[in-house]
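First up is the structure itself, then whatever we jot down about it.
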Protein chains: 2
Amino acid sequence: MYSPITIDALRTLDAIDRRRSFAAAAEELYRVPSAISYTISKLEEDLGVELFDRSRRKAELTAVGRLILEQGRQILVATEELTALAKQTDEGWETELRICIDSLINCEPVYDLIEQFQKLQPRTELRLTEEVLGGSWDALNSEQCDLVIGAEGDPPSQGFGIHLLGQVEFVFAVSASHPLTDMQQPISLQAIQDYPTVVVTDSSRYLPVRSTGLLDGRSRIAVSSIEHKIAAQIRGLGVGYLPKFRIKKELEEGTLKQLMLAETRSPRSISIAWRNTSKGKGVQWFVSQLRQMVFDQDSGLQRPK
Amino acid sequence: MYSPITIDALRTLDAIDRRRSFAAAAEELYRVPSAISYTISKLEEDLGVELFDRSRRKAELTAVGRLILEQGRQILVATEELTALAKQTDEGWETELRICIDSLINCEPVYDLIEQFQKLQPRTELRLTEEVLGGSWDALNSEQCDLVIGAEGDPPSQGFGIHLLGQVEFVFAVSASHPLTDMQQPISLQAIQDYPTVVVTDSSRYLPVRSTGLLDGRSRIAVSSIEHKIAAQIRGLGVGYLPKFRIKKELEEGTLKQLMLAETRSPRSISIAWRNTSKGKGVQWFVSQLRQMVFDQDSGLQRPK
DNA sequence: TTAATTGATCAAAATATTTGAACTATGTAC
DNA sequence: GTACATAGTTCAAATATTTTGATCAATTAA
């Protein structure tokens, strides 16, 4: 036995310091003063170091005593955290829960849920990541995350739990001053070819990459999220489809204009998804909360009235 | 008693996992297998959580068991570190030792010492800071550091241990292409007034600020260290005194030129210094090592042959 | 199949801790 | 200065905890 330090001794030391005396510490720990004396002398002897100034009959720590007290408190906290974590894990709550939010989704309602969850289960560590298009299915499949909010389309393989949130309608939008606004609608695909397209790059790495429905061969501007795509199109850097609910304000204000195309794009369904093997209460909790939400054409993800 | 976790139980758990069986762990811990069984069952019972899969007769951890093992190892390391630290502190070695190196000093020989010290006393945490001019005395006085290397001049108050390293000779230097190089030497103070001076700003905050010996009222460029001052003067941003040993190469290469002034600046003495109240073995060790060093006009701080 | 190994269980033995009473040092009130 | 209260120590006895060794049942290896 290399280290003679004992959780019990650390707890005793802590009580003595907080209560300012051996006698008071004894009372707090439901022991008799001599038992406290014994615990401390034992630690001192095993350690070969004086923890209290024995010159006067007072509970006064030496420098080393203070060191052990202060560092020891950290150890006490760690063990208490550990027991709590163990009990929680045993009850089925995850130690860590990784949620992946698709770039498409409006985050606010999810943040509300997270806040609620943290009040309920402060010891489950939440990790949030953002993925784009197929990236979220991929993250789920490769166990990089436990829950996806806003996965687009159908699962690429078996073994997933899934709940449909709704449909996302995409509109072809360009900046107010864009040359295409002067053309007669519906606009031919041919005409679009002349302008660069803004595409959100797929962050998927393991599963087959999905096409965004836009034709290849044209000049492209690659961005990493819907926010960037919206910004790029407002500035007129390029054109492309955008989820209608995310650009409602821009369409009203006229910073973006919706154009009718010769070929319309069909709405995509979006869902929440999780691995069937996820039995943790955290995932279950989020799933049950999110089941009560819908994805609305006008206002995005929200709890229906 | 809130947390039933015990250092002994954690150690037992660790041994079981490393040795792959209760029996082997028992041997390692000089106990009998039934004692190991007892320790683990007790922890399981107190915690109310199964740590080993009891379905088959094998030392196989549950998920919670693994959690406790892994986190518990951290706690074990912490307690062992703490005992070592306590013993070391009891023997007179500091837990933390803060060394302040004056901007003036060449650091390499100090880094060598630090490396040596860390081999000798890896558990004493060293913190290095750099101060300028009076700043180092100030840091020492206000207990922001325990040892000053390269303090300039005499201590501003009582209670310091001090060891003289040597003298620093300052030369007035300008960049090679500076207009002052065309003037006839010795150069009058009047002539210098026409050019901005580079000054190292005194980082001192509590003790009276020291003058750098340069006249006021002229345009100044303030920098935070000797390195910056040398660089600024090489670029011709300003003129000023520099410690000769720090610009030896620049003078040889001709990127800086030494000028003779009408009024010469007397050499300053530099020392190492510590508080008289510092009884720690770390400070003593550094002091005894640094006593063997001298500050040489040509090559700065070094161990004499 | 047999032999060897592993972990669990249990009563007895060995240890460790707690108790309570007596004692001493220190501080406080008068 | 004395008396009194309080705080920490010491020690033997009481109690609690841990360890042991023998025995048993389940697994695994030969």
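To find a chain, count down the sequence lines: A is the first, B the second, and so on, and within it residues start at 1.
Counting to the nearest Å, the P atom of dT17(C) and the CZ atom of R11(A) are 15 Å from each other. The separation between D8(B) atom CG and dT15(C) atom C1' is 13 Å, rounded to whole Å. Distance D53(B) CG to dT27(D) C1': 14 Å, rounded to the nearest Å. K42(A) places its NZ atom 10 Å from the C1' atom of dT17(C), with the value rounded to the nearest Å. Going from atom CG of L29(A) over to atom C1' of dT19(C) covers 15 Å, rounded to whole Å. Atom CD1 of I36(A) is separated from atom P of dA16(C) by 19 Å (rounded to the nearest Å). Whole-Å rounding puts the R20(B) CZ to dT6(C) P distance at 14 Å. Remark: P of dA16(C) and CG of L43(A) are 16 Å apart, rounded to the nearest angstrom.
A salt bridge between R98(B) and E143(B) is absent, with no side-chain N of the basic residue lying under 4.0 Å from a carboxylate O of the acidic one.
When heavy atoms are screened at a 4.0 angstrom cut-off, S34(B) is found touching base atoms of the nucleic acid. Counting any heavy atom pair closer than 4.0 Å across all strands shown, S55(B) reaches sugar-phosphate atoms only and no base atom. Looking at heavy-atom distances under 4.0 Å, S41(A) makes no contact with the nucleic acid at all.
Taking the six-membered ring for Trp and thresholds of 30 and 60 degrees, F286(B) and F117(B) have ring planes inclined between 30 and 60 degrees apart.
A donor atom on one side chain and an acceptor atom on the other are found under 3.5 Å apart for D53(A) and S55(A).
Remark on DNA chain C: of its neighbouring residues V32(A) and S21(B), the 5'-side contact belongs to S21(B), judged by nearest-heavy-atom nucleotide.
Look at S37(A) and you'll find a side-chain N or O under 4.0 angstrom from OP1 or OP2 of dT9(D). Dashed line: the shortest gap from a side-chain N or O of R31(B) to OP1 or OP2 of dT20(D) is not under 4.0 Å. At least one side-chain nitrogen or oxygen of R54(A) sits closer than 4.0 Å to the OP1 or OP2 atom of dT9(D). Considering only side-chain N and O atoms, Y38(B) lies nowhere under 4.0 angstrom from the phosphate OP1 or OP2 of dT19(D).
Nearest nucleotide to the side chain of F22(B), out of dT9(D), dG8(D), dG7(C): dG7(C). Looking at the side chain of A35(A), the nearest of the listed nucleotides dT19(C), dT17(C), dT20(D) is dT19(C).
Side-chain contact between V287(B) and R291(B): present, with at least one pair of heavy atoms (C-beta onward) separated by less than 4.5 Å.
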Could you give me the CA-CA distance, side-chain angles and deciding distance for I270(A) and D102(A), then say whether side chain to side chain contact (heavy atoms under 4.5 Å, CB included) is met?
CA-CA 10 Å; I270(A) 65 159; D102(A) 195 286; over 6 Å; no
